[in-house]
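Index from 1, following the sequence.
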Amino acid sequence: MKNIAVMLSGCGVYDGSEIHEAVLTLLAIEQAGAKYRCFAPNINQHHVINHLTGEVMPEEQRNVLVESARIARGDVEDLSEFYIDEFDALIVPGGFGAAKNLSDFAINAEAFKVNEQVMAVCQAFVKANKPAGYMCIAPVMIPLIYGENVQATIGHDIGIAKALIDVGLAHRDCAVDDIVVDTSRKLVSTPAYMLATTLTEAASGINKLVAKVIKMMD
């Protein structure tokens, strides 16, 4: 049975993993007959957002690994315990945690970086020629992981696309129910909640992404 690593970035669209995207990903993997294991870096979140009001909660601090356990029902592992030989593919759901915790794109877009541990794990799949899927805002990390001229999408947000083109991404506009595939790099991306307004819309692209990643394992 194929084994997929799912990298989480906390819990909640504004400061962690987008919960719907993460759960839809896990469901699609299971329904396809594959297995998954969830991972997250054991670091503090950039900040904590009140998801009711959208306001920053300056007095509160949360841990990305601990918060990710909310989505994984406690079954999440420290990213430091990841071993590439145990996995066939990687999938990274979106949510602003990908741009605040896994990377700092949301804070420092002009000169952003990917967390060193996150970068090492993502690049391990590149070096092993194993497929990966990134959704929603998570593809902002792709040009730093894969290098220049890699093809991916964040939907059709002109501002974000330009920032990524400036660091080497060959951005492709994409509808919510579709995927962009860089065949030579075994890389798949989809807009998900960059464009989705319903669970059904989000699932349409996520299901295609998971199916394509699994097909690329063969």
Side-chain angles (χ1 to χ4, degrees), residues 4-10 13-14 16-22 24-25 28 39-41 46 89-115 118-126 130-196 201-213 216:
I4 300 174
V6 177
M7 188 184 298
L8 301 176
S9 60
V13 58
Y14 300 125
S17 290
E18 211 296 322
I19 297 171
H20 293 172
E21 290 179 3
L24 287 169
T25 296
F39 289 86
H46 169 67
L90 168 70
I91 296 180
V92 186
F96 277 104
K100 294 178 179 179
N101 304 327
L102 304 186
S103 75
D104 63 356
F105 179 82
I107 298 96
N108 195 23
E110 294 183 356
F112 75 101
K113 297 179 181 179
V114 176
N115 171 277
V118 172
M119 176 72 88
V121 169
C122 293
Q123 287 190 329
F125 284 90
V126 180
K130 294 182 177 182
Y134 293 74
M135 63 189 67
C136 190
I137 196 66
V140 299
M141 300 189 292
I142 285 175
L144 300 190
I145 294 165
Y146 285 83
E148 291 190 357
N149 298 318
V150 57
Q151 297 184 45
T153 189
I154 47 85
H156 46 67
D157 185 299
I158 295 173
I160 296 177
K162 183 182 183 305
L164 297 177
I165 290 169
D166 288 345
V167 293
L169 183 71
H171 183 264
R172 300 287 180 262
D173 283 356
C174 182
V176 67
D177 62 349
D178 207 354
I179 57 177
V180 168
V181 181
D182 189 320
T183 304
S184 65
R185 294 174 172 87
K186 294 186 177 180
L187 176 66
V188 190
S189 53
T190 192
Y193 274 104
M194 289 296 288
L195 297 177
E201 286 185 348
S204 62
I206 290 171
N207 290 341
K208 285 184 180 179
L209 180 146
V210 171
K212 186 64 174 180
V213 167
M216 284 179 160

Taking distance alone, no hydrogens or angles, what donor-acceptor pairs closer than 3.5 Å link side-chain atoms of residues 130-144 to residues at least two apart or in another chain?
unit_1	atom_1	unit_2	atom_2	d
K130	NZ	I84	O	3.1
K130	NZ	F87	O	2.6

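Side chains of V150 and L169 form a contact here, defined as non-hydrogen atoms less than 4.5 Å apart.
For the pair M7 and V121, the tightest heavy-atom approach, listed with the atom from each and the gap, is CE-CG1, 3.9 Å. Between P191 and C174, the closest heavy-atom pair is CG-O, 3.5 Å. Here the closest non-hydrogen pair linking T183 and M216 is CA-CE, 4.4 Å.
K212 contributes no side-chain N or O that, together with a main-chain N or O of V180, makes up a donor-acceptor pair within less than 3.5 Å. Distance alone, capped at 3.5 Å, places no donor-acceptor pair between the E21 side chain and the P93 backbone. Remark: the backbone N or O of S189 is not paired with any side-chain donor or acceptor of T153 at under 3.5 angstrom. No donor-acceptor pair under 3.5 Å is formed between the side chain of S17 and the backbone N or O of I19. N108 places a side-chain N or O within 3.5 Å of a backbone atom of A111 that can act as its donor or acceptor partner. Using a distance-only test at 3.5 Å, with no hydrogens or angles considered, no donor-acceptor pair links the side chain of D173 to the main chain of H156. No side-chain donor-acceptor contact under 3.5 Å links T190 to the backbone of I179.
For residues 174-183, the pairs satisfying salt bridge (Lys or Arg N to Asp or Glu O under 4.0 Å) are D182-R185, with sequence neighbours left out. Applying the ring-ring contact (aromatic ring centres under 6.0 Å, His included) test to residues at least two apart or on different chains, the pairs with a partner in residues 165-194 are H20-Y193.
Considering only residues two or more places apart in sequence or on other chains, F96 meets the ring pair (Phe, Tyr, Trp, His ring centres under 6.0 Å) condition with none of them. With sequence neighbours excluded, no residue satisfies side chain to side chain contact (heavy atoms under 4.5 Å, CB included) with A120. The side chain to side chain contact (heavy atoms under 4.5 Å, CB included) search around A203 returns L24, N207, not counting sequence neighbours.
Within a 6.0 Å sphere centred on CZ of F112, other residues, nucleotides and ligands contribute more than 12 heavy atoms.
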Could you check I145 against F125 for side-chain contact (heavy atoms from CB on, under 4.5 Å), going step by step and ending with a plain yes or no?
-> CA-CA 10 Å; I145 294 165; F125 284 90; over 6 Å; no
Could you check V118 against S103 for side-chain contact (heavy atoms from CB on, under 4.5 Å), going step by step and ending with a plain yes or no?
-> CA-CA 8 Å; V118 172; S103 75; over 6 Å; no
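Rounding to the nearest 0.5 Å places OG of S9 at 4.5 Å from CG of L102. The CD atom of Q123 sits 9.5 Å away from atom OH of Y146, with the distance rounded to the nearest 0.5 Å. With rounding to the nearest 0.5 Å, the separation of CD1 in I107 from NE2 in H46 is 4.0 Å. Interatomic distance, R172 CZ to Q151 CD, rounded to the nearest 0.5 Å: 4.0 Å.
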